[in-house]
Amino acid sequence: VNCHTSISVFSQKIYKGMCRLTQTDRNRIASSNVYQAQQTKGTLRLKKEWSWKSMVVPPLSNVWPVHPLVLVILFLLSPFSFYLNRGYTIWFHWVAVSFLLTKSHFLRRFLVVQGVGITLGWYAALCNDYVLHARVYHILYRNMPSVMTNAMTDSLGEIVYTRQSMVFMSLSIILDLLLHPGLTFCMWKSHRTSGGDIHTLLTWDVIVSTYFFSRLWSIVHVYYNEEKLGFFYFGYDVYKIDDLDSWLPAYLAEGVLYTVIVFWKIHMD
């Protein structure tokens with residue numbers, strides 16, 4: 001009996017020890033599971049935060065408007081074909097792109113004055129071509145993108161009037177109105193909306209810089225095509241034209257505009 005009792009007591013101690021060991025193991029396992037869960041949760045939270053930050057789009061104000069130095073770099077890296085033997089209207093449109101990128105109030109006023117000069121000069125050239133040669137918008141049709149020009153000319157390069165060509169002619173006139181006087185009007189409207197008027201538009205810096213820009217275009221193309229210095233370009237290298245007599249009316253119209261502006265400005269000052 002004593003032996004049996006001793007064995008029972010010994011068995012109970014072993015059982016309790018096993019229970020305590022099991023409970024300890026359970027606590028250790030539970031602690032380990034909690035730690036792993038915390039680690040996993042923290043990792044997921046870090047991943048979530050990282051992925052969220054990586055998906056955040058920077059505010060538009062951080063990238064636009066761009067700094068003028070960026071335009072200088074883009075100009076230096078751009079191909080010569082972007083501005084050499086390109087019409088003055090193309091330079092006008094590059095200035096418009098620069099305004100959209102920089103939101104410069106000066107460039108907006110610059111575009112208004114430049115656009116008025118271009119519009120007067122361009123339509124003076126078209127009127128001259130009609131009066132002297134009875135050609136209506138032929139200069140425009142010949143200088144549209146090649147896809148459109150090919151639809152308006154025959155195999156000899158002469159303007160033809162067919163149903164297809166007249167559709168492209170109408171489209172050419174619409175684009176011409178939108179991209180020259182239309183764009184100029186939009187810049188003027190924007191200037192007025194921001195509180196500007198004719199007095200804040202026609203400042204000396206805008207007057208001088210726009211006229212110099214026009215002369216710069218001529219100087220560049222005279223030198224590039226004729227290797228000499230000249231302030232007024234006359235040639236066949238930039239525009240596809242039949243005669244050179246339309247250049248003079250364009251320059252005269254521009255000259256009259258700036259003469260009126262200068263005298264008005266002196267009078268107002």
Side-chain angles (χ1 to χ4, degrees), residues 71 74-75 78-101 104 106-129 137-146 148-149 172-173 175-188 201-202 205-262:
L71 295 182
L74 292 176
F75 170 75
S78 61
F80 291 155
S81 59
F82 279 20
Y83 50 87
L84 287 179
N85 277 346
R86 295 293 182 178
Y88 187 50
T89 53
I90 299 297
W91 284 33
F92 172 64
H93 294 144
W94 282 127
V95 176
V97 171
S98 301
F99 164 73
L100 293 176
L101 292 175
S104 168
F106 172 79
L107 287 181
R108 181 175 58 190
R109 294 185 293 123
F110 186 101
L111 283 166
V112 176
V113 178
Q114 185 190 20
V116 173
I118 285 177
T119 301
L120 292 177
W122 172 239
Y123 287 108
L126 292 177
C127 289
N128 176 84
D129 203 42
Y137 277 108
H138 281 205
I139 300 177
L140 172 65
Y141 301 151
R142 293 182 185 280
N143 289 279
M144 295 301 291
S146 58
M148 300 179 66
T149 300
S172 300
I173 295 173
L175 290 175
D176 178 57
L177 291 172
L178 291 176
L179 295 177
H180 299 127
L183 179 57
T184 302
F185 176 77
C186 288
M187 292 298 102
W188 165 249
L201 173 72
L202 297 177
D205 56 345
V206 171
I207 296 170
V208 173
S209 60
T210 51
Y211 187 75
F212 175 77
F213 192 72
S214 177
R215 298 286 63 75
L216 177 65
W217 179 87
S218 287
I219 292 171
V220 167
H221 286 90
V222 170
Y223 184 80
Y224 180 73
N225 292 294
E226 303 175 23
E227 295 185 351
K228 65 179 184 180
L229 181 63
F231 295 97
F232 296 92
Y233 172 78
F234 292 84
Y236 295 100
D237 303 288
V238 178
Y239 293 103
K240 298 175 183 178
I241 52 180
D242 296 312
D243 305 281
L244 296 179
D245 51 33
S246 290
W247 285 104
L248 184 58
Y251 289 131
L252 288 176
E254 181 189 51
V256 170
L257 171 67
Y258 278 95
T259 300
V260 172
I261 289 176
V262 168

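- Applying the ring-ring contact (aromatic ring centres under 6.0 Å, His included) criterion to Phe231, with sequence neighbours excluded, gives no partner residue.
- One N or O on the side chain of Ser78 and one on the backbone of Phe75 form a donor-acceptor pair closer than 3.5 Å.
- In this structure, Phe99 has its ring center at least 6.0 angstrom away from the ring center of Phe110.
- The minimum heavy-atom distance linking Ala124 with Ala253 is given by the pair CB-CB, 3.9 Å.
- With sequence neighbours excluded, the residues satisfying salt bridge (Lys or Arg N to Asp or Glu O under 4.0 Å) with Asp243 are Arg135.
- Between Tyr224 and Phe80 the shortest side-chain heavy-atom distance does not fall below 4.5 Å.
- The distance from atom CD1 of Ile90 to atom CZ of Phe92, rounded to the nearest 0.5 Å, is 11.0 Å.
- Closest approach of Gly230 and Val222 over heavy atoms only: N-CG1, 3.7 Å.
- In this view, Tyr137 satisfies the ring-ring contact (aromatic ring centres under 6.0 Å, His included) rule with no residue, not counting sequence neighbours.
- Considering only heavy atoms from C-beta on, Val220 comes within 4.5 Å of Trp91 through its side chain.
- Side-chain atoms of Leu179 and His93, non-hydrogen and from C-beta on, do get closer than 4.5 Å to each other.
- Applying the ring-ring contact (aromatic ring centres under 6.0 Å, His included) test to Tyr258 and every residue at least two apart in sequence or in another chain returns Tyr211.
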I would like to know whether Leu126 and Tyr123 meet side-chain contact (heavy atoms from CB on, under 4.5 Å); could you show each step before the answer? CA-CA 5 Å; Leu126 292 177; Tyr123 287 108; 3.7 Å; yes
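- Expressed to the nearest 0.5 Å, how far CG of Leu257 lies from OG1 of Thr119 amounts to 10.0 Å.
- Using a 4.5 Å heavy-atom threshold, the side chains of Ile207 and Val113 count as separate.
- With rounding to the nearest 0.5 Å, the separation of CG in Asn85 from NE2 in His221 is 5.0 Å.
- The side-chain heavy atoms of Leu111 and Leu183, taken from C-beta on, include no pair separated by under 4.5 Å.
- Trp247 contributes no side-chain N or O that, together with a main-chain N or O of Tyr233, makes up a donor-acceptor pair within less than 3.5 Å.
- With sequence neighbours excluded, no residue forms a ring-ring contact (aromatic ring centres under 6.0 Å, His included) with Tyr223.
- Atoms CG and OG, on Leu140 and Ser172 in that order, are 5.5 Å from each other to the nearest 0.5 Å.
- Minimum heavy-atom separation, Leu244 to Ile241: CD2-CD1, 4.0 Å.
- Of the possible donor and acceptor atoms, none in the side chain of Trp122 sits under 3.5 Å from a partner among the backbone N and O of His180.
- Note that the CZ atom of Arg108 and the CH2 atom of Trp188 stand 11.0 Å from one another [nearest 0.5 Å].
- With a 4.5 Å cut-off on side-chain heavy atoms, Ile219 and Leu229 count as touching.
- Interatomic distance, Leu175 CG to Met148 CE, rounded to the nearest 0.5 Å: 5.5 Å.
- Scanning all heavy atoms of the two residues, the minimum distance from Tyr88 to Tyr239 falls at N-OH, 3.2 Å.
- Across Ala250 and Ala125, no two heavy atoms sit closer than the pair CB-CB, 4.5 Å.
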Residue pair Thr184, Val116: steps toward the side-chain contact (heavy atoms from CB on, under 4.5 Å) verdict: CA-CA 7 Å; Thr184 302; Val116 173; 3.9 Å; yes
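- In this structure, Trp217 contributes its side chain and Arg86 its backbone to a donor-acceptor pair below 3.5 Å.
- Residues meeting the salt bridge (Lys or Arg N to Asp or Glu O under 4.0 Å) test with Arg142, sequence neighbours left out: Glu158, Asp242.
- Looking at heavy atoms from C-beta onward, Asp205 lies in side-chain contact with Arg109 at the 4.5 angstrom threshold.
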